[in-house]
Amino acid sequence: MTSILILNGPNLNMLGTRQPEIYGHTTLEDISRRCRDHGAARGISVTVEQSNSEGTLLDLIQSARGVHDGIVLNAGAYTHTSIALRDAISAVALPVIELHLSNIHARDAFRHHSYIAPVALGVICGFGAAGYTLALDALAGQLEIEP
Ligand code: CA2
């Protein structure tokens, strides 16, 4: 069975509790359930993880090799700072979709640059929680799984 890891970075555990005008009302648990259901309907196993720690995110990316077929990564603010995450993605050699709930290009200038984007298969941003299932479908398309 195809397996996809959805990896969430710092502060995304607070989704649905604060700043709903930017990040919406949906909690990470809601998103996880939707993604697992979306995957199950397509014969894809979906694992959702979140960590506030850059080191744990690196460990999860490294451990994905041989276990998962692709990664949807919302690296949160580490997107704009972490060369280490970029190196881990390059090394793991799995298709990675960079995802953001908000349109990072319509926000602060420091959010316009991503260290991840050049090593990602593609980037989805600005569609809120719906972006996660869009990313799953995009990965499934790349992995040649029927929608
Ligand atoms: O739009 C996204 O998904 C971001 O990755 C979210 C990050 C931000 O640093 C990126 O530039 C764009 C921030 C996540 C913070 O999540 C919160 C959720 C609820 C309440 C407060 C913060």
Side-chain angles (χ1 to χ4, degrees), residues 3-42 44-65 67-143 147:
S3 176
I4 292 178
L5 173 64
I6 299 183
L7 196 48
N8 295 283
N11 296 313
L12 289 161
N13 54 310
M14 295 195 295
L15 277 181
T17 64
R18 311 213 186 112
Q19 295 185 275
E21 67 287 0
I22 303 175
Y23 299 116
H25 291 279
T26 311
T27 65
L28 190 58
E29 189 43 49
D30 293 333
I31 290 173
S32 303
R33 192 173 351 93
R34 277 187 211 169
C35 287
R36 284 193 298 267
D37 290 350
H38 195 82
R42 289 155 183 80
I44 300 168
S45 165
V46 175
T47 303
V48 183
E49 301 278 7
Q50 187 276 332
S51 179
N52 292 324
S53 153
E54 188 175 10
T56 302
L57 294 168
L58 291 170
D59 291 342
L60 287 165
I61 292 169
Q62 290 177 14
S63 309
R65 194 167 173 81
V67 177
H68 301 290
D69 300 293
I71 302 174
V72 175
L73 176 62
N74 185 347
Y78 292 144
T79 305
H80 319 298
T81 63
S82 180
I83 297 169
L85 280 179
R86 176 195 178 124
D87 287 347
I89 291 163
S90 294
V92 80
L94 288 172
V96 173
I97 296 194
E98 175 180 336
L99 173 80
H100 301 285
L101 294 146
S102 62
N103 179 357
I104 55 174
H105 302 288
R107 300 184 62 193
D108 324 77
F110 64 82
R111 297 183 203 275
H112 296 178
H113 176 262
S114 166
Y115 280 104
I116 312 293
V119 294
L121 195 57
V123 180
I124 294 174
C125 74
F127 296 101
Y132 282 84
T133 47
L134 290 172
L136 278 179
D137 288 343
L139 256 188
Q142 286 295 314
L143 298 167

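Index from 1, following the sequence. Indexing begins at 1, ligand by ligand and atom by atom, following the structure's order.
The atoms of ligand 1 that sit less than 4.0 Å from any heavy atom of A77 are 9 (O). Taking every non-hydrogen atom of H80 and a distance limit under 4.0 Å, the qualifying atoms of ligand 1 come out as 10 (C), 11 (O). Close approach of ligand 1 to I104 (heavy-atom distance below 4.0 Å) involves ligand atoms 12 (C).
In terms of protein heavy-atom proximity, atom 17 (C) of ligand 1 is nearest to N11 O, 3.5 Å. Protein heavy atom closest to atom 20 (C) of ligand 1, with residue, atom name and distance, is R18 O, 3.3 Å. Of all protein heavy atoms, the one lying nearest to atom 1 (O) of ligand 1 is S102 OG, 2.5 Å. In terms of protein heavy-atom proximity, atom 9 (O) of ligand 1 is nearest to R111 NH1, 2.9 Å. Closest to atom 21 (C) of ligand 1 among all protein heavy atoms lies Q19 OE1, 3.3 Å.
No donor-acceptor contact under 3.5 angstrom links the side chains of D30 and H25, judged on distance only. A donor atom on one side chain and an acceptor atom on the other are found under 3.5 Å apart for E98 and S114.
Heavy-atom proximity to atom 6 (C) of ligand 1, evaluated over Y132, Y78, F110, Y23, is greatest for Y23. Compare L99, L12, L15 by their heavy atoms: the one nearest to atom 14 (C) of ligand 1 is in L12. Considering each of D108, T81, L101, N8, the one bringing a non-hydrogen atom nearest atom 3 (O) of ligand 1 is L101.
Between the N103 side chain and the C125 main chain, no donor and acceptor come within less than 3.5 Å of each other. Side chain of H112 to backbone of R107: a donor-acceptor contact under 3.5 angstrom is found. Counting only distance, with no hydrogens or angles, the side chain of Q50 and the backbone of G9 share a donor-acceptor pair below 3.5 Å.
Note: no N/O pair closer than 3.5 Å links R107 and ligand 1 by distance alone.
Both the backbone and the side chain of H100 come within contact range of ligand 1, each with a heavy atom under 4.0 Å. Heavy atoms of T17 found under 4.0 angstrom from ligand 1: none, in either backbone or side chain.
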Side-chain donor-acceptor pairs of residues 84-91 under 3.5 Å, sequence neighbours excluded:
residue: R86; atom: NH1; partner: Y115; partner atom: O; Å: 3.1
residue: S90; atom: OG; partner: R86; partner atom: O; Å: 3.2

Audit row: V48, I31, side-chain contact (heavy atoms from CB on, under 4.5 Å) steps and yes/no: CA-CA 9 Å; V48 183; I31 290 173; over 6 Å; no
Test log, rule salt bridge (Lys or Arg N to Asp or Glu O under 4.0 Å), inputs R34 and D37: CA-CA 5 Å; R34 277 187 211 169; D37 290 350; over 6 Å; no
Working for side-chain contact (heavy atoms from CB on, under 4.5 Å), residues Y132 and L101: CA-CA 8 Å; Y132 282 84; L101 294 146; 3.9 Å; yes
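With contacts defined as side-chain heavy-atom distances shorter than 4.5 Å, the pair V96/V119 does not qualify.
Contact analysis leaves T79 out of contact with ligand 1, as no non-hydrogen atom separation drops below 4.0 angstrom.
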